[in-house]
Amino acid sequence: MGIQHEHGYSAEVEGFLVIRGERVRLAKTNAHALVLAETCELPPGAVGELLIIVDGKSDSRLITLPGGVCKGQSIVGYQVAATF
């Protein structure tokens, strides 16, 4: 997956859901949902960090998972709690 920049496309894009210091790899994300590349289980209202790394440069958002994550679930809705 690449992200288009002014001078072409990124070489490397990684995404993670960081919960309690653990990283869960993401397959993709958009403004309202995460697609998990790994399985996990989290309770409704779980708070974590959406971490996106593009060509080695990190950006993150504090997010909440209103519905949590059930075993075997791959698409997870989220809300941005803080943008910093």
Side-chain angles (χ1 to χ4, degrees):
M1 171 173 74
I3 294 178
Q4 187 172 6
H5 294 285
E6 180 180 342
H7 302 292
Y9 285 87
S10 62
E12 186 177 341
V13 179
E14 296 178 287
F16 300 95
L17 172 61
V18 182
I19 300 273
R20 298 179 298 252
E22 301 279 332
R23 285 184 175 190
V24 177
R25 185 172 299 280
L26 302 177
K28 59 184 173 177
T29 185
N30 64 29
H32 306 286
L34 310 171
V35 179
L36 304 175
E38 302 174 0
T39 61
C40 70
E41 291 183 69
L42 297 166
V47 176
E49 177 186 8
L50 172 57
L51 174 63
I52 305 295
I53 305 168
V54 179
D55 293 336
K57 187 173 181 180
S58 298
D59 188 26
S60 66
R61 303 281 185 276
L62 185 64
I63 63 170
T64 60
L65 307 176
V69 182
C70 298
K71 186 176 183 176
Q73 182 179 1
S74 61
I75 300 174
V76 180
Y78 75 91
Q79 296 175 336
V80 175
T83 55
F84 55 86

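Here the structure is a predicted model, which is why all the values come from computation and not from measurement. We count residues from 1, following the sequence as given.
Residues satisfying the side chain to side chain contact (heavy atoms under 4.5 Å, CB included) test with P44, not counting sequence neighbours, are none. Residues satisfying the side chain to side chain contact (heavy atoms under 4.5 Å, CB included) criterion with Q73, sequence neighbours excluded, are V69, C70, V76. For V35, the side chain to side chain contact (heavy atoms under 4.5 Å, CB included) partners are A27, K28, I75, not counting sequence neighbours. Looking at residues two or more places apart in sequence or on another chain, you find no salt bridge (Lys or Arg N to Asp or Glu O under 4.0 Å) involving R23. For the side chain to side chain donor-acceptor pair (under 3.5 Å) test, no residue two or more places apart in sequence or in another chain qualifies with E41. Partners of I19 according to the side chain to side chain contact (heavy atoms under 4.5 Å, CB included) rule, which considers only residues two or more places apart in sequence or in another chain, are L17, L42.
Under the 4.5 angstrom side-chain criterion for Ile, Leu, Val, Met, Phe, Trp and Tyr, the cluster partners of I53 are F16, V18, L51.
Of all heavy-atom pairs between P66 and G77, the closest is CD-O, 3.8 Å. Smallest separation of non-hydrogen atoms from L36 and C40: CD1-SG, 4.0 Å.
Counting heavy atoms from C-beta outward, H32 and N30 have side chains that approach closer than 4.5 Å. Between L34 and V24, every side-chain heavy-atom pair lies at or beyond the 4.5 Å cut-off.
Between T64 atom OG1 and Q79 atom CD the span is 4.5 Å, to the nearest 0.5 Å. Note that CG of L62 is 12.0 Å distant from OH of Y78, once rounded to the nearest 0.5 Å. Residue L50 holds its CG atom at 4.5 Å from CD1 of I52, rounded to the nearest 0.5 Å.
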